[in-house]
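See structure below.
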Amino acid sequence: MNVNKQKNNLVRLGDYIEVYDVKNVGSKNLPFYGINKDKTFMPTVADTNELDSSKYKIVEKDVFVFSGMQTGRDVCIRLALYEKDEPILVSPAYTTFIIKDKSEILPQYLFIQFNRFQMDRYGWFVSDGSIRSNLDWNVFCDIQIPLPSIETQRELVATYNGLKALAEQNEALIQPLTEACQAYIVDCKKKYPEVELGEYIEFYYEKNKDCQITLEQGINIEKIFINPHRPNSDLSSRIIVRKGQFAYCTQLNNENVAIAYRTEEDCVVSPVYKAFEIKQQHKNILLPEYLFLWLKRKEFGRYVYWRSVGSAYEFLQEENIREYKIPIPPIPVQQAIVNLYNCAEEAKNIANEAREKMKTLCPALVQKALHS
């Protein structure tokens, strides 16, 4: 294809793509998918039992799926590149297209162009002014993209794929590791007698009277310490949470208990919180990390909500926690379960960090493409 490149190495997208409209005329038994704002494919949530699949489009490897609807409303160009070998079906409302000549432009390179907020914002800018704010196909085709040499494209795609593989590999580990951890926890209930926590913990209500601690925190329903939405200038009435202690909000939000284990420096929290820790003489019997795994479970939330008291507000009382029962296996067993959980959390953190880096990587790769 001999298409003249414009200033700054830009070309018109429509000169390099073409509609690829393949209907499922044979009514093949293929799964139904859609695309979301994250530019990924997702199984359809609609009931497909009564659908006439022959009207749906077949999507194969290296086929793009595009929806111009609500581009302006969502500030997002809904577009995804299918990269698996097994074909799927998508709604006939989608536009499906392919690269005309892969020796000139790589599918993954084109996807990188659209996997960044700058392109979404441009799609919002050029979408029409109707209620739906659609990005029409002809306008989409007029979008200009940088087109470096195929060698440079391969280099950029390899960089992107390396980070993507890191995210996907760790995401694949999260579910089996989490399920294994929960299975071991449940197994402990079968193998070891349950005991009330009251024998192993003690509560604290230490005020920050001298204001020596200046780090104020809150706890969310994800069981994580966070910065408060409304910081306070006077911290003298705040409650101290020491490193190695648990803290929880006495006001319940249904079964979503705001409880967390403090592993960082001492902090202060609202007076509606209370703190407790494992008694010194029992720290060689019960690991705080193991205990926290039990307090994070939905079963604990249901239990304390059932035991809570109050009318307008439900309150979590000390005795509710003291009377909660858990099995306490030997320390090596506790540590093995905690290690498994930590592996799952590490995989989750690595995957999330890789995904975040991909968001900043795409604009950087586009800049490199512009100057190649």
For Lys283, look at atom NZ and say whether over 12 heavy atoms of other residues, nucleotides or ligands are found less than 6.0 Å away.
yes
Can you confirm whether more than 12 heavy atoms, excluding those of Glu168, are under 6.0 Å from its CD atom?
yes
Can you confirm whether Phe225 is buried at CZ, in the sense that more than 12 heavy atoms of other residues, nucleotides or ligands lie under 6.0 Å from that atom?
yes
If you count heavy atoms of other groups shown closer than 6.0 angstrom to CG of Asn284, is the number above 12?
yes
Glu277 side chain reached by Ile201 side chain, heavy atoms, under 4.5 Å
no
Is Ile99 close to Leu110 at the side-chain level, that is, under 4.5 Å between some pair of heavy atoms?
yes
Can you confirm whether Leu316 sits close enough to Val257 that some side-chain heavy atom of one is under 4.5 Å from a side-chain heavy atom of the other?
yes
State, to 0.1 Å, how close Trp124 and Gly72 come at their nearest heavy-atom pair, and which atoms those are.
CD1-O, 2.9 Å
Results of ring pair (Phe, Tyr, Trp, His ring centres under 6.0 Å) for Tyr20 - residues two or more places apart only
none
Grouping ILVMFWY residues whenever side-chain heavy atoms fall under 4.5 Å, the cluster of Leu215 otherwise contains none
Centroid separation Phe97 to Tyr16 less than 6.0 Å
no
Any chance the side chains of Asn320 and Tyr303 put a donor and an acceptor closer than 3.5 Å?
no
What is the distance from atom CD1 of Ile285 to atom NZ of Lys279, rounded to the nearest 0.5 Å?
11.0 Å
Does any part of the side chain of Pro327, heavy atoms only, come nearer than 4.5 Å to the side chain of Lys189, both counted from C-beta?
yes
Can you name the residues that form a ring pair (Phe, Tyr, Trp, His ring centres under 6.0 Å) with Phe111, not counting sequence neighbours?
none
Could you measure the distance from the NZ atom of Lys57 to the OH atom of Tyr94? Nearest 0.5 Å is fine.
11.0 Å
Which heavy atom of Tyr341 sits nearest a heavy atom of Cys181, and at what distance?
CB-SG, 3.7 Å
Salt bridge (Lys or Arg N to Asp or Glu O under 4.0 Å) between Arg12 and Asp15: does it pass, once the steps are laid out?
CA-CA 6 Å; Arg12 178 179 176 272; Asp15 295 328; 3.1 Å; yes
Do Asp52 and Ser54 get their side chains close enough for a donor-acceptor pair, meaning under 3.5 Å?
yes
Could you work out, with side-chain hydrogen bond (donor to acceptor under 3.5 Å, both in side chains) as the rule, every residue matching Gln317, not counting sequence neighbours?
none
Rounded to the nearest 0.5 Å, what separation is found between the NE2 atom of His282 and the CD1 atom of Ile328?
8.5 Å
My understanding is that only one of Tyr109, Phe140, Phe64 makes a ring pair (Phe, Tyr, Trp, His ring centres under 6.0 Å) with Phe114; could you say which?
Phe140
Trp137 vs Phe66 aromatic rings, parallel, tilted or perpendicular, using cut-offs 30° and 60°?
tilted
Count I, L, V, M, F, W, Y as connected when their side-chain heavy atoms are under 4.5 Å apart, and connections chain through other members. Are Val186 and Tyr290 then in the same cluster?
no
Please table the atom pairs, donor to acceptor, closer than 3.5 Å between any side-chain atom in residues 357-364 and protein atoms at least two apart or in another chain.
from, atom 1, to, atom 2, distance (Å)
Lys357, NZ, Glu353, OE2, 3.4
Lys359, NZ, Glu356, OE2, 3.2
Thr360, OG1, Lys357, O, 2.9

Gln281 atom CD, over 12 foreign heavy atoms within 6.0 Å
yes
Kindly write out the residues that satisfy side-chain hydrogen bond (donor to acceptor under 3.5 Å, both in side chains) with Glu323, not counting sequence neighbours, or none if the list is empty.
Arg307
Strictly below 4.0 Å, N to O, side chains only: are Glu264 and Lys243 in salt-bridge contact?
no
Determine whether more than 12 heavy atoms belonging to other residues, nucleotides or ligands lie under 6.0 Å from atom CD of Glu346.
no
Given the rule that I, L, V, M, F, W and Y join up when any side-chain heavy atoms are under 4.5 Å apart, are Val338 and Ile259 in one cluster?
yes
Checking salt bridge (Lys or Arg N to Asp or Glu O under 4.0 Å) for the pair Glu318/Lys274: CA distance, chi angles, key distance, verdict?
CA-CA 9 Å; Glu318 286 186 17; Lys274 285 189 176 182; 3.3 Å; yes
Heavy-atom side-chain contact between Pro329 and Lys191 under 4.5 Å:
no
Partners meeting side-chain hydrogen bond (donor to acceptor under 3.5 Å, both in side chains) with Asn342 (sequence neighbours left out):
none
Establish whether Trp306 and Val304 are linked, either directly or via other cluster members, by ILVMFWY side-chain heavy-atom contacts under 4.5 Å.
yes
Once ring pair (Phe, Tyr, Trp, His ring centres under 6.0 Å) is applied, do any residues pair with Tyr205, and if so which ones, sequence neighbours excluded?
none
Heavy-atom closest pair (Ile240 atom, Ala275 atom, distance to 0.1 Å) is O-CB, 4.2 Å
What side-chain donor-acceptor pairs closer than 3.5 Å can you find for residues 76-84, not counting sequence neighbours?
from, atom 1, to, atom 2, distance (Å)
Arg78, NH2, Asp74, OD2, 3.1
Tyr82, OH, Glu86, O, 2.4
Glu83, OE1, Gln108, NE2, 2.3
Glu83, OE2, Lys164, NZ, 2.5

Inter-residue atom distance Leu30.CG - Thr48.OG1, 0.5 Å rounding
11.5 Å
Quick note, salt bridge (charged side-chain N to carboxylate O under 4.0 Å, His left out) partners involving residues 287-303, not counting sequence neighbours, are Arg297-Glu299, Glu299-Arg302
Pair Asn208-Gln212, side-chain donor/acceptor within less than 3.5 Å
no
Leu106 reachable from Ile145 in the ILVMFWY side-chain graph, under 4.5 Å edges
yes
Is any side-chain heavy atom of Leu291 closer than 4.5 Å to one of Phe246?
yes
Do you know which two heavy atoms are closest between Leu293 and Ile337, and how far apart they sit?
CD1-CG2, 3.8 Å
Rounded to the nearest 0.5 Å, what separation is found between the CG atom of Leu89 and the CG atom of Asn24?
4.5 Å
Partner set under side-chain hydrogen bond (donor to acceptor under 3.5 Å, both in side chains) for Glu171, not counting sequence neighbours
Arg355
Residues that Tyr204 engages under ring pair (Phe, Tyr, Trp, His ring centres under 6.0 Å), provided they are two or more places apart
none
To the nearest 0.5 Å, what is the distance between CG on Leu156 and CD1 on Ile112?
6.5 Å
Are Thr44 and Tyr33 close enough that some pair of their side-chain heavy atoms sits under 4.5 Å apart?
no
Phe203 atom CZ: more than 12 heavy-atom contacts under 6.0 Å:
yes
Closest non-hydrogen atoms of Arg262 and Arg242, given as atom of the first, atom of the second and distance, are CB-O, 3.6 Å
Verify the cluster assignment for Leu340 and Leu286: are they in a single hydrophobic cluster under the rule of side-chain heavy atoms below 4.5 Å apart?
yes
Looking only at heavy atoms, what is the nearest atom pair of Cys249 and Tyr273, with distance?
N-CD2, 3.5 Å
Would you call Glu18 and Ile98 a side-chain contact if the rule is heavy atoms closer than 4.5 Å?
yes
